[in-house]
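Report on one structure; see the data block that follows.
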Amino acid sequence: MIIDSYLLVNFASAPEITQRLPIGWREYLGPEGSPTAFPLGITARPALPNPLGKALPEAFSAAGCSPGSDIRRTVAQHLDGNGIDRALVCHDDGRSVAALPHPRLCIELVRACNEWMLEEVLSADPRLFGTLLLPMHSPTESARVIREAAGDPRWAGVTLSANSLGQPFGHPIYHPVYEAAAETGLPIVIDAEADTYLDVMTNPVSGRPSTYTDLYALSSQSISTHVVSMISQGVFEMWPELKLFVVGGGISWITPLLWRFDTQFKAFHRDAPGLVLLPSEYFARNVRVGTYPVDRFTSPERLHRYLLAQPGLKDVLTYASGYPMWNRDNPADLGRWLPADWLPNVMGTNAMDVFRWPTTAQATAGTA
Amino acid sequence: MYRGPIIDVDVHHNWRSPSDVVQYLPTDWRTYVSGGSGPALPLTPGNRRVLMVDSSYRVEAIPEDGSLPGTDYELMKRQLLDPLGSQKTILTYDIGLQSGLPNPEFAAALCRAANQYTVEQWLPRDDRLCGLILVPTSVPEDAAREIAHWANHPRMVGVLVVVNSLGRPFGHPIYDPIYRAAAEHGLPISIHLSGPPEGRDIAGGNPSMMLERYTLFGQAGMHHLTSMITNALFEKFPTLRVMLVEWGFDWLPSVANRLDTAWPILRVESPRVRRLPSEVIREHLRFSTQPFEYVPARALSAILDGFEGIADVLCFSSDYPHWDADDPTRIVSRVPEDWHSKLFYENAAAFFGFGPPVAPPVLAGSAQHA
């Protein structure tokens, strides 16, 4: 059983989404297909694009289309090609709609993106499951979106897709989201990109970066903060069953962060009197990390030793391909870079444990 | 047990009273800091509010008269210099935040005064003490002048860069005058842990507690490192050496390998970069060891081994008199024995241009029981 917990999709063009908006917002955005329509676009452009192109050439169905916008091509290339049994689908550019500065428009676009995901993506193949986008300006509205959508078994998680309020995700303002997620059994997904759109950019720190390389090398920083924040602020004391899945920063950031976190907890435990476990124990219990992109050390053996230094990491890592990005990892890449006896857990078992999958009866009904 | 010589690259000294340093200011600035009919102006910029006030120092380092730790040479000698037996101790102010004062001309004047204070009040007291030239970072040309002013002083052995006042990480070309001056005078740069005066120093939003901030405070240092690589700093100044002080070091394997992975991209977006980032780091960058990670030795070496040649880039620091100061005796058991002489002495000696140790080696740790 191979589960890919991070497969990215794009809509081919904005009208696929905007046609699902009420007429008022469609007028607001301008005539569909017109070059003057909403010149900033409904999705964010990155602060610093990858100058070599962000996606695999074969993932483009036609010139000018977004990579990963043809779900049939994705299914054939990645699911069939790599023998993937299940995949968790995340929006690529679409996740940035939550970074739009207009909170009400954001609510409508998020709704349209979620609808598009169900109708255009998840319906294409029974192996596909989705992550719900949330209108991140409004945690109470986000909680409502979760409760409304949760009845559909094709949603396997919810994404905090953009840090629209500029607060670390443990902040109490987000707690209604966690309450709804815990109630519905959906895990929280945080993507390293959530803090990189210019409207909400908090990463990297100490001034803007000069190159994409800086962004790439430092992409684990915002998810590190969110993990530390959610543990410190007691989210996993309040909702012990809640699972957090973070992805997009690789895997080598985990061990040094947890060492530091446990050490500082000994010094500053009075900051967080509600915590009854060590930070690393909450991490092991509640947090799972997508492998994308697996850190390339100078040799696999060096990476193995590095990963084995942290007991229990084998149960934390979850295969995440990042298809169709330039640096996506195929199952064979994980076979090369991870210890062989970790693979059953990382390729499948761990993902079974973190995401909300349909019961066997539902799954059979869905396939039939 | 390590019986060899030690260099301590981060010890915080401070003035007992503001007047100790204000006396070196020109008249106009002395009038300015007097505060008129109000209280005297502080000599440091305003601070973020998530800070420990009383507990950021070791309590035993508070002098008997109740002044700030690090202000009493005799106490420092008794608690640190003699027991540790360091051959050289690099003084790093506490922590030189004067460089980030918002009034640029005042910041420059105060850096000059602080350097003069160190040269006159500290260095003559003990041959083991060395100073760093504190530079105002908001006007890099002023910083270059400050470097030139003290460069020939034999006991001012490097440049202390604190607070990226211009809101750019320290690899940005806007700071090049600092690096050019340091390279011209053959002085290395120490960049001490510090945030930008405004704006974010933690990715993902401002944390609310020290637990979070102290866990994450290496983030800005990692960006300073990547920006020095991606802006080709060491291609521009091939003799320049930089030490990241107190930003941590166990994140280096992770960040360096990610930089190397992005090499094909980096070459396109920064054509001046000629060598693999990890090679540049090995040659030009050094990392102070405090706060050391007190984890089992095997786990620590498995992590550090992720960066080839890590033993050549680490330099011991105590961070006295701060609350989380490190003692060499706690480090020796956690790193391989063949690292000891590099980590405690040779790497820093090469960095600051010190020769071989002069006095008979002093026992690390054991001297305190003598």
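Chain letters run A, B, ... following the sequence lines, proteins first and then strands; every chain starts at 1.
Both the backbone and the side chain of A:Asp214 come within less than 4.5 Å of a heavy atom of chain B. Both the backbone and the side chain of B:Pro264 come within contact range of chain A, judged by heavy atoms closer than 4.5 Å. Both the backbone and the side chain of B:Glu212 have a heavy atom closer than 4.5 Å to some heavy atom of chain A. Interface residue A:Thr255: only side-chain heavy atoms are found under 4.5 Å from chain B. When heavy atoms are compared at a cutoff of 4.5 Å, A:Pro293 approaches chain B by way of both its backbone and its side chain. Interface residue A:Asp271: backbone and side-chain heavy atoms are both found under 4.5 Å from chain B. Proximity to chain A involves both the backbone and the side chain of B:Asp250, based on heavy atoms less than 4.5 angstrom apart. For a residue to count as touching a neighbouring chain, one of its non-hydrogen atoms must lie under 4.5 Å from one of that chain's; by this rule B:Asp305 touches chain A with backbone and side chain alike. Only the side chain of A:Thr263 comes within contact range of chain B, with heavy atoms under 4.5 Å apart. For chain B, no part of A:Leu48 is nearby; none of its heavy atoms comes within less than 4.5 Å. With a threshold of 4.5 angstrom between heavy atoms, B:Phe292 approaches chain A through N, CA, C or O but not through any side-chain atom. Within the 4.5 angstrom heavy-atom criterion, no atom of B:Leu225 approaches chain A.
Atom CG of B:Leu266 sits about 6.0 Å away from atom OG1 of A:Thr211, to the nearest 0.5 Å. Distance CG/B:Leu276 to OG1/A:Thr298: 10.5 Å, rounded to 0.5 Å. Here B:Thr215 contributes atom OG1 and A:Trp259 contributes atom CH2; the two are 15.0 Å apart, rounded to the nearest 0.5 Å. B:Asn257 contributes atom CG, which lies 7.0 Å from atom CG of A:Asp295 (distance to the nearest 0.5 angstrom). Atom-to-atom distance recorded for A:Tyr306:OH and B:Phe307:CZ is 12.5 Å, nearest 0.5 angstrom. In this structure, CG in A:Leu257 is found 13.5 Å from CH2 in B:Trp251, a value given to the nearest 0.5 Å.
Counting heavy-atom pairs closer than 4.5 Å to chain A, the top-ranked of the candidates B:Arg298, B:Met222, B:His172 is B:Met222. Looking only at heavy-atom pairs under 4.5 Å with chain A, the residue among B:Asp260, B:Asp324, B:Ile265, B:Asp201 that has the most is B:Ile265. No other option in B:Ala299, B:Pro253, B:Ser278 has as many heavy-atom pairs under 4.5 Å with chain A as B:Ala299. Of the residues considered (B:Pro291, B:Ser301, B:Pro277), B:Pro291 shows the highest number of contacts with chain A, using heavy-atom pairs under 4.5 Å.
With contacts defined as side-chain heavy-atom distances shorter than 4.5 Å, the pair A:Phe261/B:Leu211 qualifies.
Note that B:Arg258 lies in the cation-pi zone of A:Tyr216, set by a 6.0 Å cut-off to the ring centre and a 45° limit from the axis.
For the residue pair A:Ser224 / B:Gln219, no side-chain donor-acceptor distance below 3.5 Å is found, with atom types taken as modelled.
Taking the six-membered ring where tryptophan is involved, the planes of A:Phe268 and B:Trp323 are perpendicular, since the angle between them exceeds 60° and thus also 30°.
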Mind running side-chain contact (heavy atoms from CB on, under 4.5 Å) on A:Thr213 and B:Thr226 for me, showing each step along the way?
CA-CA 8 Å; A:Thr213 299; B:Thr226 65; over 6 Å; no
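The main-chain N or O of A:Ser210 is never found under 3.5 Å from a side-chain atom of B:Asn231 such that the two would form a donor-acceptor pair.
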